[in-house]
Amino acid sequence: MITTPTTLAAATQGAAKPYKIIIDTDPGQDDAVAILLALASPEDVEVLGITAVAGNAPLPWTEKNARRVCELAGRPDVKVYAGCDRPLVRLLHTAPEVHGDTGLDGPVLPEPTMPLQAQHAVDFIIETVMREEPGTVTLCPLGPLTNVARALVKEPAISSRLRQIVLMGGAQMEGGNSTPCAEFNIYVDPHAADIVFKSGVPIVMFPLDVTHQVLTARRHMDRIQAVGNRVAQATYEMLDFYQRYDEHKYGTDGGPLHDPCVIAWLIRPGIFEGKTVNVEIETGSPLTTGQTVIDRWNTTGRPRNATVMLKADSDAFFDLLVERLRRFG
């Protein structure tokens with residue numbers, strides 16, 4: 001039987017835990033919260049490693065920020081690998097206006113003491129997927145898809161061995177946040193995204209349409225701060241800095257907490273609702289480069305290659321986040 005995103009989602013919700021995951025990330029305050037959520041949930045997800053990519057900030061910052069977050073969580077044992085420092089074709093586009101010059105402005109976090117692993121992130125992804133039992137490793141990309149695409153091209157065999165790719169990226173009805181129609185992660189490296197969405201790997205996608213339903217509203221921020229431990233306070237300070245840009249841009253109470261949705265779905269999939277559709281990536285148009293063309297009503301008849309999340313229970317999401325932040329006491 002061919003595994004489709006629909007059967008994948010059903011299997012994931014009923015499968016034994018913990019899920020073995022690799023977090024591919026470009027921290028980024030929302031990336032940091034996703035990492036913290038994963039590290040606080042060992043009964044649900046086993047983090048095999050964290051791979052850094054250039055995106056929200058240049059690679060020297062994102063790999064350092066990933067290590068900072070691991071140390072904040074008290075997990076210097078988690079291995080962090082540096083990956084690609086630029087997109088496949090385009091020049092790197094970063095987001096200091098959102099995340100600050102370091103990519104993780106807000107709390108004052110010390111320089112990491114845990115080592116950066118010598119192995120390249122792409123090789124770590126390939127080695128890990130080929131070593132583990134087929135169908136057991138989930139890739140969780142939270143940034144541009146450069147590392148994942150390079151791994152798929154370098155070793156095509158991993159596409160049939162991966163359990164799934166659960167990613168944050170793309171947009172449809174919400175429009176884009178980097179251009180009128182392109183979301184940041186896809187816009188930074190649309191050619192990598194095109195490779196990933198054509199890979200045949202089952203994909204679960206969290207676009208802006210769903211992440212914009214998960215806002216760091218004041219009532220949620222107050223709950224995070226009230227947890228009272230060091231990790232929760234650092235999380236509060238990260239999000240307090242991070243939400244200012246989006247509050248000004250969108251006029252909302254709080255900003256969208258994009259990347260933790262990926263981890264939250266693995267822990268409690270019932271928080272979200274989605275639909276299995278075809279998704280294609282625009283790479284050629286100067287006007288719409290990076291657009292995720294989501295065939296929500298099957299008007300093209302193209303094969304359905306992704307389960308796209310469309311609805312989120314924001315209160316349930318923040319209940320989960322606050323519960324897990326308490327574990328860092």
Side-chain angles (χ1 to χ4, degrees), residues 12-13 15-52 62 65-80 104 106-107 109-110 112-114 137-143 166-168 204 206 211 214-216 220-243 256-272 312-329:
T12 297
Q13 293 186 33
K17 295 182 179 182
Y19 305 130
K20 296 180 178 181
I21 69 170
I22 297 171
I23 299 175
D24 188 68
T25 181
D26 60 337
Q29 292 88 349
D30 56 330
D31 305 70
V33 177
I35 294 169
L36 292 173
L37 183 58
L39 295 181
S41 308
E43 74 272 34
D44 297 299
V45 292
E46 176 188 354
V47 180
L48 301 178
I50 296 175
T51 52
T62 61
N65 290 343
R67 290 184 288 145
R68 281 178 166 144
V69 174
C70 289
E71 291 190 352
L72 173 66
R75 292 294 307 277
D77 58 298
V78 177
K79 291 181 170 57
V80 175
L104 201 60
L109 298 177
T113 59
M114 60 184 284
V137 176
T138 293
L139 292 184
C140 297
L142 310 179
V166 186
L167 64 89
M168 189 277 135
V204 180
F206 286 82
T211 65
V214 182
L215 299 177
T216 57
H220 297 312
M221 291 289 286
D222 289 344
R223 293 180 66 198
I224 291 170
Q225 189 173 38
V227 171
N229 62 43
R230 176 172 174 263
V231 175
Q233 181 59 31
T235 300
Y236 176 87
E237 292 171 11
M238 288 181 205
L239 297 182
D240 185 55
F241 179 94
Y242 165 74
Q243 69 182 1
L257 200 49
H258 308 288
D259 295 332
C261 291
V262 167
I263 305 301
W265 182 78
L266 291 172
I267 299 171
R268 292 186 186 163
I271 292 174
F272 304 95
D313 183 336
S314 180
D315 287 340
F317 171 89
F318 280 100
D319 286 345
L320 173 63
L321 178 59
V322 169
E323 171 200 327
R324 297 304 159 97
L325 287 174
R326 289 194 181 109
R327 296 183 173 188
F328 291 109

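In this text, all values refer to a predicted model and were calculated from it rather than measured experimentally.
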For [X] and [Y], which heavy atoms make the closest approach, and how far apart are they?
X	Y	answer
F241	G106	CB-CA, 3.9 Å
V45	P18	N-CB, 3.7 Å
V78	M114	O-CE, 2.9 Å
A66	V80	CB-CG1, 3.9 Å
R327	P42	NH1-CD, 4.3 Å

Measure the [atom1]-[atom2] distance between [X] and [Y] for me, rounded to the nearest 0.5 Å.
X	Y	atom1	atom2	value
L39	E46	CG	CD	12.0 Å
D315	F318	CG	CZ	9.0 Å
D313	L320	CG	CG	11.0 Å
D240	M221	CG	CE	5.0 Å
F317	L257	CZ	CG	4.5 Å
Y236	I224	OH	CD1	9.5 Å

Heavy-atom distance under 4.5 Å between the side chains of [X] and [Y], does that happen here?
X	Y	answer
V214	P256	no
L167	V204	no
I267	E43	no
P260	L321	no
I21	L139	no
R230	L72	yes
V166	W265	yes
V137	Y19	no

>> According to salt bridge (Lys or Arg N to Asp or Glu O under 4.0 Å), who are the partners of D44, at least two apart in sequence or on a separate chain?
In response: K17, R324

> Going through the checks in order, is the salt bridge (Lys or Arg N to Asp or Glu O under 4.0 Å) test met by E323 and R268?
Replying inline: CA-CA 13 Å; E323 171 200 327; R268 292 186 186 163; 2.7 Å; yes

Among [options], exactly one meets side-chain contact (heavy atoms from CB on, under 4.5 Å) together with [X]. Which residue is that?
X	options	answer
L109	E71, E237, R68	R68
I50	C140, P27, C70	C70
V69	T25, V33, D31, I35	I35

> If you count the non-hydrogen atoms of other residues, nucleotides and ligands that lie under 6.0 Å from NZ in K20, is the total more than 12?
Replying inline: yes

> Strictly by modelled atom types, are T51 and D24 linked by a side-chain donor-acceptor pair under 3.5 Å?
Replying inline: yes

> Is there a side-chain contact (heavy atoms from CB on, under 4.5 Å) between R326 and V322 once you walk through the steps?
Replying inline: CA-CA 6 Å; R326 289 194 181 109; V322 169; 3.6 Å; yes

>> Can you classify the ring geometry of Y242 versus H258 as parallel (below 30°), tilted (30 to 60°) or perpendicular (above 60°)?
In response: perpendicular

